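Data first, discussion second: the structure below is written as structure tokens.
Source: prediction; values computed, not measured.
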Amino acid sequence: MELLSSLGDGFAVAITFQNLGLALLGCFLGTIMGALPGLGPSNGVAILIPLAFTLGLGATPSLILLTSVYYGAMYGGRISSILLGIPGDEPAMMTVLDGHPMAKKGMAGEALSLSGVASFIGAFIATWGLILLAPQLVKIALLFGPAEYFALFALAFMTLGGVSSTNQAKSAFAAALGLGLATIGVDTQTGVPRFTFGEVHLYDGLDFLVAIVGLFALSEVFIFLENRHGGAEGDSGKLKIGRLTPPISMLKSCMPTMLRTSVLGFIAGVLPGAGASLGSFISYSMEKRLVDKENTFGTGDPRGVAAPEAGNNAAAGGALVPMLALGVPGSGTTAVLLAVLLSLNITPGPLLFTQNPDVVWGLIAALFIANFMLLAMNIPMVGLFTRVLMIPSRILMPIVAMVSFVGIYGISGSSFDLLVMVGFGVLGWLLRKFDVPLVPIILGTLLGNAMENNLRRAVTIDNGNWLTLIDSPLSIALWAIAIIGFVLPLIVGARVKKKMHARRDSEGSLSD
């Protein structure tokens with residue numbers, strides 16, 4: 001009853017004209033961002049962060065806007081996957097396998113609508129999972145001391161690559177780089193400037209938002225300038241959309257698939273570092289083994305569309321659980337959302353549910369609202385969203401750059417921050433050329449100070465004894481999970497990643 005009462009209070013916060021309008025705007029923009037190949041939810045949220053701050057929104061409205069963009073981008077990633085055979089982002093990669101063959105058969109509209117329904121069910125179940133699981137994690141987190149929090153932060157970094165990581169060494173390098181960037185500024189305990197090189201603007205450290213917008217948004221612009229091509233723009237016009245709604249018989253046959261993979265995807269999303277990519281992959285793989293008796297997966301089987309879409313959207317909702325309850329992001333996009341919360345002087349973690357209940361329950365209520373909006377929006381507006389794919393990159397990228405510069409200057413009013421943002425953009429461009437992940441850098445910048453402070457506090461309390469870091473059963477358990485999470489991808493990560501790409505290629509999803 002207490003949960004339902006809190007959820008009711010959340011709906012009272014979310015159901016205002018402003019918040020409903022922001023949710024609708026976020027869903028629309030997020031779907032467009034997700035539909036454009038290469039952008040995805042992390043970039044979509046990062047690009048629109050300046051808009052939230054420029055509008056002068058408070059904590060709850062900002063989160064409603066950006067989480068609606070998050071959910072919308074997860075929906076939108078399927079559009080280019082189905083119509084072009086090009087994943088809008090990595091979580092949508094498995095949708096290509098059966099979605100694009102359905103489109104070739106003249107069933108593009110049915111595939112898009114079915115994926116929208118599957119996304120709705122996955123996100124709906126995940127939001128209920130968030131309501132039920134997050135408060136329980138909060139009770140456990142109240143047992144944490146400085147040593148346990150340091151072990152928790154270490155777990156976040158060591159599992160960040162996830163099972164689908166291509167290279168753990170690059171993830172470790174990126175995390176170390178992020179932690180190094182977090183040390184810039186005046187030491188809070190000694191008052192000594194560190195790595196500021198006499199520049200007064202660096203005394204307060206690096207701004208999270210400047211780093212995020214530079215690494216994600218501007219680096220995308222630099223990638224475009226380097227390649228100078230528009231990809232597969234306009235190819236969606238070659239396919240016929242067909243009927244916009246799937247038949248009842250198709251929905252009935254896919255319903256068990258959507259329910260099973262929603263639960264599996266949610267569990268994958270809660271695991272730190274696993275994310276929607278793994279949720280999508282294991283959902284498709286499990287369903288193929290379970291129900292594909294006639295080897296129809298990969299040839300345009302509707303269940304092959306429903307499984308990864310329900311799985312990756314459930315994983316997206318599941319990734320919010322550790323972020324809100326523990327202050328540890330479960331995915332790249334939730335790391336960006338964590339930066340927004342910290343910039344608004346709100347610290348996610350065990351005390352969030354007691355100190356800022358209006359924020360967390362308003363956000364959860366808004367997730368329900370955004371999910372219904374997306375379902376209502378995506379089916380009748382399929383034709384509009386497919387035309388978005390024909391926007392030339394030469395038009396889109398200048399808009400991305402303009403929003404980035406105007407937004408960051410509107411937040412800080414500092415030309416120095418614009419130079420720092422450009423520097424991060426160049427850094428992001430270079431790192432992406434070497435396939436170094438950007439999310440660990442953001443996470444290191446966000447959590448570096450808290451990690452350092454908890455380490456110092458734990459050692460100081462125990463009079464300089466470093467063994468205090470493994471002095472409790474909880475910290476030992478966290479260290480064990482962290483080590484397993486780091487070693488496991490070294491053993492099975494390459495195999496999983498190889499299967500993800502091999503299955504997409506071998507089943508002809510990218511062939512004409």
Looking at every non-hydrogen atom in both residues, tell me the closest pair between [X] and [Y] and how far apart they are.
{"X": "Ala365", "Y": "Ala14", "answer": "CB-CB, 4.0 Å"}
{"X": "Leu251", "Y": "Met258", "answer": "O-CE, 4.2 Å"}
{"X": "Ala123", "Y": "Asn371", "answer": "CB-OD1, 3.4 Å"}
{"X": "Pro440", "Y": "Ala175", "answer": "CB-N, 3.6 Å"}
{"X": "Ser219", "Y": "Leu438", "answer": "OG-CD1, 4.4 Å"}
{"X": "Gly99", "Y": "Ile82", "answer": "O-CG2, 3.5 Å"}

Name all residues meeting the side-chain hydrogen bond (donor to acceptor under 3.5 Å, both in side chains) criterion together with Thr60; count only those two or more places apart in sequence or in a different chain, and write none if there are none.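 In terms of side-chain hydrogen bond (donor to acceptor under 3.5 Å, both in side chains), with neighbours along the sequence ignored, Thr60 is linked to no residue.
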Rounded to the nearest 0.5 Å, what's the gap from [atom1] on [X] to [atom2] on [Y]? Could you check?
{"X": "Thr67", "Y": "Tyr70", "atom1": "OG1", "atom2": "OH", "answer": "10.0 Å"}
{"X": "Leu337", "Y": "Leu324", "atom1": "CG", "atom2": "CG", "answer": "9.0 Å"}
{"X": "Leu132", "Y": "Leu130", "atom1": "CG", "atom2": "CG", "answer": "9.0 Å"}
{"X": "Ile483", "Y": "Leu478", "atom1": "CD1", "atom2": "CG", "answer": "11.0 Å"}
{"X": "Leu375", "Y": "Cys27", "atom1": "CG", "atom2": "SG", "answer": "11.0 Å"}
{"X": "Leu112", "Y": "Leu114", "atom1": "CG", "atom2": "CG", "answer": "9.5 Å"}

Going by the angle between their ring planes, with limits at 30° and 60°, are Phe124 and Phe368 parallel, tilted or perpendicular?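 The arrangement is perpendicular - the two ring planes meet at more than 60°.
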Quick check: does any side chain N or O of [X] sit under 3.5 Å from a backbone N or O of [Y], one acting as donor and the other as acceptor?
{"X": "Tyr75", "Y": "Phe120", "result": "yes"}
{"X": "Asn313", "Y": "Glu309", "result": "yes"}
{"X": "Glu148", "Y": "Gly145", "result": "yes"}
{"X": "Tyr284", "Y": "Gly311", "result": "no"}
{"X": "Asp98", "Y": "Pro302", "result": "no"}

What I'd like to find out is whether the side chain of [X] reaches to under 4.5 Å of the side chain of [Y], using heavy atoms alone.
{"X": "Thr127", "Y": "Phe266", "result": "no"}
{"X": "Leu374", "Y": "Met74", "result": "no"}
{"X": "Val436", "Y": "Phe173", "result": "yes"}
{"X": "Leu63", "Y": "Ile346", "result": "no"}
{"X": "Tyr71", "Y": "Leu367", "result": "yes"}

Which is it for Ile64 and Ser68 under the side-chain contact (heavy atoms from CB on, under 4.5 Å) test, yes or no, and what are the steps along the way? CA-CA 6 Å; Ile64 287 174; Ser68 297; 4.3 Å; yes
Side-chain donor-acceptor pairs under 3.5 Å in residues 17-24, sequence neighbours left out?
unit_1, atom_1, unit_2, atom_2, d
Asn19, ND2, Val13, O, 2.8
Asn19, ND2, Thr16, OG1, 3.3

Worked verdict on Leu29 versus Leu25 for side-chain contact (heavy atoms from CB on, under 4.5 Å): CA-CA 6 Å; Leu29 294 177; Leu25 176 64; 3.7 Å; yes
For Val45 and Val340, what are the C-alpha separation, side-chain angles and deciding distance, and is it a side-chain contact (heavy atoms from CB on, under 4.5 Å)? CA-CA 10 Å; Val45 173; Val340 176; 5.6 Å; no
Between Arg303 and Thr257, do the side chains contain a donor N or O and an acceptor N or O under 3.5 Å apart?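 Thr257 vs Arg303: no donor-acceptor pair found between side chains.
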Enclosure of Phe11 CZ (heavy-atom neighbours >12, cutoff 6.0 Å):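 Count over threshold, so yes.
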Pair Asp9-Asp358, side-chain contact (heavy atoms from CB on, under 4.5 Å): steps then yes or no: CA-CA 7 Å; Asp9 294 338; Asp358 56 325; over 6 Å; no
